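Beneath this line is the structure, given in structure tokens, with notes to follow.
In this text the structure is predicted, and so the values were computed from the model without any measurement. Computation of the quantities below employed the complete heavy-atom set of this structure, encompassing side-chain atoms and omitting hydrogens, waters and symmetry-equivalent molecules.
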Amino acid sequence: MTTPQLLAFGIILLMMIAFVWGRWRYDLVAAGALLAAVAAGVVAPEDAFSGLSDDIVVIVGSALVVSAGVARSGVMEVAVRRFAPNISTPRAQLILLVLVVTVLSAFIKNIGALAIMIPIAFQMARRSGVSPSLFLMPMSFGSLLGGLMTQIGTSPNIIVSRVREELTGVPFTMFDFTPVGAALAAVGIVFLALCYRLLPERAQETSSMDRAIEIKNYTTEVHVPAGSGSIGKTVAEVQQLGGGQAMIIGILSEAGKRRLSLPDATIKEGETLLIEGEPDALDQIVAQGGLAFSERRDAEAAAVETGVVEAIVGEHSSLIGRSARELSLFDMTGLNLLAVSRRDSRFTERLGEIKFRNGDVIVLRGDLAELPELLRQWDCLPLVERNLKLGSFRNRLVPVVILAIAMGSTALGLVPVPLAFFAAAVAMVLTRTVPIREVYSHLDAPILIMLAALIPVSDSLRTTGATDLIADWLSSTASVLPAYGALALIMVAAMAVTPFLNNAATVLVMAPIAATFASGLGYQPEAFLMAVAIGAGSDFLTPIGHQCNTLVMGPGGYRFGDYWRLGLPLSILVVLVAVPMLMLIWPM
């Protein structure tokens with residue numbers, strides 16, 4: 001073993017120890033490993049930042065924006081309520097989520113399937129009162145298992161199909177992977193449904209500020225327009241859209257006559273509803289109920305970049321004792337008052353008639369360039385930005401169409417996956433599905449930096465010839481093992497190598513090795529090639545081997561060491577099931 005090879009192995013070993021220890025954040029550990037690799041000479045200085053342009057970084061960053069666009073549209077909330085209205089226990093929710101993402105991943109790119117389902121996971125987590133971390137990693141693992149079921153499900157399957165064609169003249173077909181892949185997916189779903197509690201509950205790091213600022217009793221006023229889905233429904237039915245976190249406290253007719261908001265009262269066209277509750281619940285009722293805020297707009301206001309801001313009315317504010325109507329708020333400033341919150345108080349008057357007091361929290365929508373100066377003049381203190389969706393522009397179908405086009409183009413081989421997802425992310429911004437000012441807040445910088453730093457570090461195994469050493473060791477070891485032992489060894493080796501090479505590179509390295517010693521031992525190559533594909537597509541131990549695992553790391557608040565808790569027993573289960581299944585389906 002040469003000195004560069006020893007250094008490459010040593011740096012990666014120390015990096016993994018630091019990751020598992022968790023004393024330093026993962027992006028800092030990865031950056032330190034990159035600097036150490038450059039200093040040791042195993043990564044060339046000109047290659048140090050090659051990871052920034054790698055496909056994986058582009059895919060993960062773009063998928064985060066696309067997922068945010070789908071989540072912001074609210075379409076997934078509607079889907080959950082329509083197709084799974086009574087699923088409220090965490091285990092039942094997890095089974096549904098994992099099952100859907102697994103089946104989808106068999107036919108579309110697994111990261112695309114996962115991006116579709118992440119917003120639904122957050123919605124279900126809110127409904128059952130658990131952390132999304134209970135769902136996201138099992139969903140990621142389900143997407144990996146689903147990809148094993150068809151030729152197009154994951155890159156390793158496509159590559160081993162090509163290798164088989166080079167060896168025998170006949171490639172694997174679309175569903176040659178299905179018998180073993182389906183068995184693994186079924187067993188995996190059962191395991192995840194039974195053992196998901198092996199995961200510790202984690203809180204999303206970026207949600208800590210939202211939790212610190214907990215304002216539950218916002219009051220808003222909305223209009224029931226023609227064609228609203230709330231027309232003809234009862235008050236209780238409309239309130240259900242908010243998941244029990246908001247209630248209708250008043251109903252006014254078009255003539256301004258008030259009536260009681262009894263649970264069985266029917267909503268009519270043209271009425272005005274006063275609703276109290278949490279911001280997210282208010283937003284769900286307005287968006288899903290087809291309601292409209294009682295706000296004014298003009299052509300000039302529509303042309304500027306608008307946003308929503310929360311602010312506290314200060315002790316010496318000029319707003320105190322006056323209402324939005326008395327202030328002619330829109331006519332004088334172009335701002336719309338969306339909601340008001342007052343501690344331990346319930347409003348009975350209409351939104352525009354509420355007289356502001358010291359300490360009131362108000363939600364204003366208007367020109368983002370004008371809002372800071374107006375708040376300063378009024379002696380109002382803006383709260384930290386929480387990216388409230390209340391009152392924001394919403395388009396339900398556009399993000400779904402964008403995502404469908406991206407996934408369809410990749411499935412048909414028309415566009416490479418990185419380009420398709422990058423174009424989808426740009427389209428989300430151009431169509432205002434994701435406001436341009438929020439784009440970079442959805443890019444999880446620590447995750448992207450970690451990936452960009454690890455790619456050249458991991459590639460040092462190949463450039464120093466360390467992968468050749470691994471290949472020689474595998475060949476010599478497998479030659480003295482029985483058929484099932486050699487098959488299991490190849491699969492485990494592919495699993496172990498995948499975190500340091502991407503899964504496609506793992507197959508390119510391992511498939512020729514597997515085919516060579518299969519023929520040398522007198523075995524047919526198909527089972528060994530399948531073993532390589534399964535091992536390369538089953539990275540359950542780290543967040544860095546597959547972009548799906550990386551994608552859920554930030555939203556789930558996971559630590560590096562969390563993955564092996566659920567992933568190690570699942571990996572063992574995959575080997576125990578896959579080896580006999582391969583020997584049964586592909587006689588050696």
Side-chain angles (χ1 to χ4, degrees), residues 206-223 245-246 249-250 272 274-283 286 292-298 300-393 435-438 441:
T206 55
S207 68
S208 58
M209 190 59 69
D210 283 358
R211 296 190 177 191
I213 303 174
E214 192 172 13
I215 302 171
K216 294 186 176 181
N217 64 329
Y218 269 127
T219 298
T220 192
E221 179 179 305
V222 294
H223 179 67
Q245 301 301 312
I249 59 175
T272 298
L274 298 179
I275 313 177
E276 179 184 89
E278 295 183 353
D280 285 345
L282 296 177
D283 176 72
V286 174
F293 282 99
S294 302
E295 56 177 353
R296 297 173 55 187
R297 300 178 185 271
D298 58 22
E300 184 180 351
V304 300
E305 184 184 2
T306 60
V308 177
V309 172
E310 295 173 283
I312 299 175
V313 177
E315 182 179 359
H316 304 292
S317 174
S318 58
L319 301 181
I320 293 176
R322 307 169 73 184
S323 67
R325 183 165 297 170
E326 291 172 345
L327 291 165
S328 299
L329 190 66
F330 180 83
D331 293 327
M332 298 300 294
T333 65
L335 299 182
N336 287 291
L337 177 67
L338 296 185
V340 180
S341 175
R342 181 175 297 162
R343 183 180 293 274
D344 300 326
S345 295
R346 170 166 290 176
F347 298 109
T348 57
E349 58 267 56
R350 296 190 63 170
L351 190 64
E353 298 170 351
I354 296 173
K355 294 185 182 293
F356 300 118
R357 295 182 186 175
N358 176 31
D360 284 353
V361 182
I362 57 177
V363 180
L364 297 169
R365 176 184 172 83
D367 184 357
L368 290 174
E370 300 283 346
L371 270 168
E373 177 61 22
L374 288 171
L375 292 176
R376 187 191 66 79
Q377 293 177 12
W378 292 335
D379 191 27
C380 292
L381 179 66
L383 294 177
V384 65
E385 186 174 356
R386 296 197 291 163
N387 290 330
L388 291 184
K389 293 187 289 186
L390 187 66
S392 59
F393 176 81
I436 192 168
R437 67 182 184 278
E438 296 181 12
S441 67

Non-hydrogen atoms of Ser345 and Asn217 that approach each other most closely:
O-ND2, 3.6 Å

All side chain to side chain donor-acceptor pair (under 3.5 Å) counterparts of [X], not counting sequence neighbours:
X      : answer
Arg376 : Glu373
Arg357 : none
Arg343 : none

Quick one, Met332 and Leu327 - any side-chain contact, counting heavy atoms below 4.5 Å?
no

Please determine which of [options] meets the side-chain contact (heavy atoms from CB on, under 4.5 Å) test together with [X].
X      : options                        : answer
Arg342 : Ile354, Ile362, Val361, Val313 : Ile354
Leu364 : Leu374, Val308, Leu375, Thr333 : Leu375
Val363 : Val309, Leu338, Val340         : Leu338

Roughly how far, to the nearest 0.5 Å, is [atom2] of [Y] from [atom1] of [X]?
X      : Y      : atom1 : atom2 : result
Asp360 : Cys380 : CG    : SG    : 9.5 Å
Arg350 : Thr219 : CZ    : OG1   : 14.0 Å
Ile275 : Ile249 : CD1   : CD1   : 9.0 Å
Arg322 : Trp378 : CZ    : CH2   : 10.5 Å
Ser318 : Asp379 : OG    : CG    : 8.0 Å
Leu329 : Asn336 : CG    : CG    : 7.5 Å

Report the C-alpha separation of Glu349 and Lys355 in whole Å, then their side-chain angles, then the decisive distance to 0.1 Å, and conclude whether the salt bridge (charged side-chain N to carboxylate O under 4.0 Å, His left out) test is met.
CA-CA 9 Å; Glu349 58 267 56; Lys355 294 185 182 293; over 6 Å; no

